[in-house]
Amino acid sequence: MAKLFVVPTPVGNLEDMTFRAVRTLKEVDLILAEDTRTTGVLLKHYEIQNRLQSHHKFNEHKTVEQITERIKAGENVALVSDAGTPAISDPGFLLVRECVQKNIEVECLPGATAFVPALVVSGLPNDRFCFEGFLPVKKGRLTRLREIAEEERTTVIYESPFRLVKTLVQLSGVCGKDRPVSVSREISKHFEETVRGSLEYVTNYFSTKEPKGEFVIILGGRENRRE
């Protein structure tokens with residue numbers, strides 16, 4: 001029976017692609033891509049010639065029914081995002097859920113996800129952590145930040161370069177300037193960088209150095225309080 005393959009792609013270095021991922025993208029009947037131009041560069045690099053179809057946050061509500069019907073009809077379909085593992089702060093969840101509800105097999109290949117290396121190199125506790133992804137831009141943002149401030153586990157946050165300093169400043173306001181934090185950017189790329197220290201130190205660092213690239217914030221948890 002045909003299935004949906006969820007295929008991680010490199011978050012930076014193209015050499016992070018697995019042999020299994022390359023083989024899968026060659027063998028499936030159709031590749032769903034967040035941006036066909038971005039995926040086209042990857043396919044060209046690995047000499048993969050296959051059909052591409054756009055599948056992104058603006059059309060996924062309309063296309064999931066058609067895609068699941070194609071899989072049920074016998075087509076193997078691969079889902080990729082621009083970088084990393086689909087459905088982790090990227091399109092994919094709706095399609096996976098629809099497949100599960102229709103008893104279509106879903107196979108997710110292991111591979112790149114930006115927050116894992118950022119969490120590991122942070123030096124902060126990672127035996128227990130919570131993943132927040134991207135914070136709300138407006139509505140509900142302050143409420144979410146206050147909840148994060150009370151979290152005792154390490155928290156993982158994705159952020160764009162345009163909002164990084166604002167987010168660090170707001171975290172300082174609710175967590176205190178001494179809360180430990182590690183900020184990584186450009187994971188697995190040539191200019192990969194990780195800055196560790198207090199919220200005050202890291203905020204000052206990126207206030208004087210223009211943030212560039214995609215960022216992962218690893219925030220230390222609130223210390224346990226004795227009741």
Side-chain angles (χ1 to χ4, degrees), residues 1-46 48-72 75-120 129-136 156-160 184-189 213-216:
M1 183 177 178
K3 65 176 74 172
L4 172 69
F5 293 89
V6 180
V7 182
T9 55
V11 295
N13 194 318
L14 289 179
E15 293 181 0
D16 292 338
M17 194 74 169
T18 68
F19 292 116
R20 183 180 170 199
V22 171
R23 176 177 57 80
T24 299
L25 294 182
K26 287 181 177 179
E27 293 178 351
V28 294
D29 299 294
L30 176 67
I31 300 172
L32 302 175
E34 184 178 1
D35 187 325
T36 56
R37 295 166 299 180
T38 300
T39 300
V41 173
L42 178 70
L43 299 189
K44 183 177 180 181
H45 181 81
Y46 284 101
I48 300 171
Q49 296 182 350
N50 210 333
R51 290 188 295 161
L52 281 173
Q53 178 177 316
S54 293
H55 182 81
H56 46 72
K57 64 180 180 180
F58 300 109
N59 72 357
E60 60 180 339
H61 288 83
K62 301 176 182 178
T63 59
V64 290
E65 182 70 26
Q66 171 212 4
I67 293 166
T68 53
E69 289 304 313
R70 294 179 69 164
I71 298 174
K72 289 172 67 176
E75 291 189 47
N76 285 303
V77 175
L79 172 67
V80 301
S81 63
D82 288 348
T85 301
I88 303 294
S89 292
D90 277 319
F93 166 71
L94 293 178
L95 179 57
V96 170
R97 182 179 64 181
E98 189 73 10
C99 286
V100 170
Q101 291 176 346
K102 293 186 175 181
N103 294 317
I104 296 171
E105 185 175 355
V106 179
E107 184 173 331
C108 183
L109 279 60
T113 302
F115 80 82
V116 174
L119 177 62
V120 171
F129 63 90
C130 59
F131 177 77
E132 286 289 335
F134 289 98
L135 299 175
V156 179
I157 302 169
Y158 283 165
E159 193 52 277
S160 76
S184 296
R185 71 179 188 94
E186 298 291 83
I187 296 292
S188 88
K189 296 180 182 178
E214 297 301 317
F215 288 82
V216 184

Nearest heavy-atom pair of Gly133 and Ser89: which atoms, and what distance? CA-OG, 3.7 Å
Below 4.5 Å, heavy atoms only, C-beta onward: do Thr63 and His55 meet side chain to side chain? yes
Check whether any side-chain N or O of Asp82 sits under 3.5 Å from a backbone N or O of Asp35 as a donor-acceptor pair, and report yes or no. yes
Enumerate the residue pairs fulfilling salt bridge (charged side-chain N to carboxylate O under 4.0 Å, His left out) with a member in residues 6-15, sequence neighbours excluded, ordered by first and then second residue. none
Taking only residues two or more places apart in sequence or in another chain, which ones pass ring pair (Phe, Tyr, Trp, His ring centres under 6.0 Å) with Phe134? Tyr158
Which residues pass the salt bridge (Lys or Arg N to Asp or Glu O under 4.0 Å) test with Asp29, not counting sequence neighbours? none
Measuring from atom CG of Leu94 to atom NZ of Lys62, what distance do you get when rounded to the nearest 0.5 angstrom? 13.5 Å
With side chains defined as the heavy atoms from C-beta onward, is the minimum distance between Val216 and Ile157 less than 4.5 Å? no
For His56, check side chain to side chain contact (heavy atoms under 4.5 Å, CB included) against everything at least two apart and list the hits. Glu34, Ser54, Phe58, Asn59
Mind listing the closest non-hydrogen atom pair of Ala112 and Thr85 along with its distance? O-OG1, 2.8 Å
What heavy-atom pair brings Thr39 and Ala33 nearest, and what distance separates the two atoms? OG1-CB, 3.3 Å
Quick one, Ile71 and Asn76 - any side-chain contact, counting heavy atoms below 4.5 Å? no
Side chains of Thr24 and Leu109 in contact at under 4.5 Å (non-hydrogen atoms): yes
Do side-chain atoms of Asn50 reach the backbone of Val28 as a donor and acceptor pair under 3.5 angstrom? yes
List for me each residue that meets side-chain hydrogen bond (donor to acceptor under 3.5 Å, both in side chains) alongside Lys102, sequence neighbours excluded, and say none if there are none. Glu65, Thr68, Glu98
Who are the side chain to side chain contact (heavy atoms under 4.5 Å, CB included) partners of Gln49, not counting sequence neighbours? none
Taking only residues two or more places apart in sequence, or in another chain, which ones meet Arg51 in a salt bridge (Lys or Arg N to Asp or Glu O under 4.0 Å)? Glu75
Atom CG of Leu52 and atom CG of Leu30: how far apart are they, to the nearest 0.5 Å? 8.0 Å
Ser188: what forms a side-chain hydrogen bond (donor to acceptor under 3.5 Å, both in side chains) with it, not counting sequence neighbours? Asp16
Residues passing the side chain to side chain contact (heavy atoms under 4.5 Å, CB included) test with Arg23, sequence neighbours excluded, are Arg20, Glu27
Apply ring pair (Phe, Tyr, Trp, His ring centres under 6.0 Å) to Phe215 and list each qualifying residue two or more places apart in sequence or on a separate chain. Phe206
What do the steps show when you test Lys72 against Ile104 for side chain to side chain contact (heavy atoms under 4.5 Å, CB included), and what is the final call? CA-CA 7 Å; Lys72 289 172 67 176; Ile104 296 171; 3.6 Å; yes
Rounding to 0.5 Å, atoms CD (Glu186) and CD (Glu214) come to a distance of 7.5 Å
Rounding to 0.5 Å, atoms NE2 (His45) and CE (Met17) come to a distance of 10.0 Å
With sequence neighbours excluded, residues passing salt bridge (Lys or Arg N to Asp or Glu O under 4.0 Å) with Glu159: Arg163
CD1 on Ile67 to CG on Leu4, rounded to 0.5 Å: 8.5 Å
Starting from the C-alpha separation in whole Å, work towards a yes-or-no answer on side chain to side chain contact (heavy atoms under 4.5 Å, CB included) for Val77 and Lys3. CA-CA 7 Å; Val77 175; Lys3 65 176 74 172; over 6 Å; no
Applying the side-chain contact (heavy atoms from CB on, under 4.5 Å) test to Leu79, which of Val7, Ile31, Leu32 qualifies? Leu32
For Ala83, does its backbone N or O pair with a side-chain atom of Ser81 as donor and acceptor, under 3.5 Å? yes
Pairwise side-chain contact, Phe5 with Leu25, heavy-atom cut-off 4.5 Å (strictly under): no
Any Leu14 side-chain heavy atom under 4.5 Å of Leu42 side chain: yes
Taking Thr18 for its side chain and Ala21 for its backbone only, find out whether a donor-acceptor pair lies under 3.5 Å. yes
Please identify each residue that fulfils salt bridge (Lys or Arg N to Asp or Glu O under 4.0 Å) with Glu132, with sequence neighbours left out. Arg144
